[in-house]
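Numbers here are sequence positions counted from 1.
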Amino acid sequence: LTGSKLDEYAHLWTKMRSRKGMTEKLARDLLQSRSYYGCMMVQQGDADGLLNGISRSYPETIKPAIQIVGVKPGSKLAGIYMMIFKFVFTIAV
C-alpha cells in the first residue's frame, strides 16, 4: 500500500505503541496490510468503519483492531462471522 497518509500513520502508531516496542520501520511494514491501514484510518477519523476478515482468520483480523483502535475500558470485545447467500428456488410442476 502506498498512501498519502502512510508516513503520518506510521509516525502516529510509533508514538502510540513505542513502549510496546513499535518502531517506525515496523509500523510502516505492518501498515502495508490493509487490515492495519484500515484500522489506522478508523482510529484517525479518516474512515467510519472497517469490514474485515474475508481472507484472514479471526485472530489475524482482530489483532490490528485491538492494537490500533483498542477497547473502551469496561466494555467487552465481540466479533461475528456472517455469510449471506442468495437462494434461488425453482418448483417443477
K.L.:
Using the test side-chain contact (heavy atoms from CB on, under 4.5 Å), find all partners of Ala10 that sit at least two apart in sequence or belong to another chain.
P.N.:
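Partners of Ala10 by the side-chain contact (heavy atoms from CB on, under 4.5 Å) criterion, ordered by chain and then number, come out as Glu24, Ala27, Arg28, Leu31.
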K.L.:
What are the two closest heavy atoms between Gln43 and Val69, and how far apart are they?
P.N.:
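Closest heavy-atom pair between Gln43 and Val69: OE1-CA, 3.5 Å.
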K.L.:
Taking all non-hydrogen atoms of both residues, which atom of Ile68 and which atom of Met16 are closest, and how far apart?
P.N.:
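Residues Ile68 and Met16, closest heavy atoms: O-CE, 3.4 Å.
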K.L.:
ring-ring contact (aromatic ring centres under 6.0 Å, His included): which pairs involve residues 13-34, sequence neighbours left out?
P.N.:
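Sorted result for residues 13-34: Trp13-Tyr36.
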K.L.:
At what distance, to the nearest 0.5 angstrom, does CZ of Arg34 lie from OG of Ser55?
P.N.:
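The CZ atom of Arg34 sits 8.5 Å away from the OG atom of Ser55.
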K.L.:
Could you list the residues that satisfy side-chain contact (heavy atoms from CB on, under 4.5 Å) with Asp46, not counting sequence neighbours?
P.N.:
Lys5, Tyr9, Met41, Gln44
K.L.:
Could you pull out all residues at least two apart from Ser75 that satisfy side-chain contact (heavy atoms from CB on, under 4.5 Å)?
P.N.:
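side-chain contact (heavy atoms from CB on, under 4.5 Å) list for Ser75, sorted by chain: Val71, Lys72.
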K.L.:
What are the two closest heavy atoms between Ser35 and Asn52, and how far apart are they?
P.N.:
OG-ND2, 3.0 Å
K.L.:
With rounding to the nearest 0.5 Å, note down the distance linking CG in Leu30 to OH in Tyr37.
P.N.:
14.5 Å
K.L.:
Kindly determine whether Ile66 and Leu77 satisfy side-chain contact (heavy atoms from CB on, under 4.5 Å), including the steps that lead there.
P.N.:
CA-CA 9 Å; Ile66 292 170; Leu77 185 64; 3.5 Å; yes
K.L.:
Who are the side-chain contact (heavy atoms from CB on, under 4.5 Å) partners of Lys25, not counting sequence neighbours?
P.N.:
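Counting only residues at least two positions away or on another chain, Lys25 forms a side-chain contact (heavy atoms from CB on, under 4.5 Å) with Thr23, Asp29.
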K.L.:
What pairs of residues pass the salt bridge (charged side-chain N to carboxylate O under 4.0 Å, His left out) test when at least one of them lies in residues 56-71, not counting sequence neighbours?
P.N.:
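Of all non-adjacent pairs touching residues 56-71, none passes salt bridge (charged side-chain N to carboxylate O under 4.0 Å, His left out).
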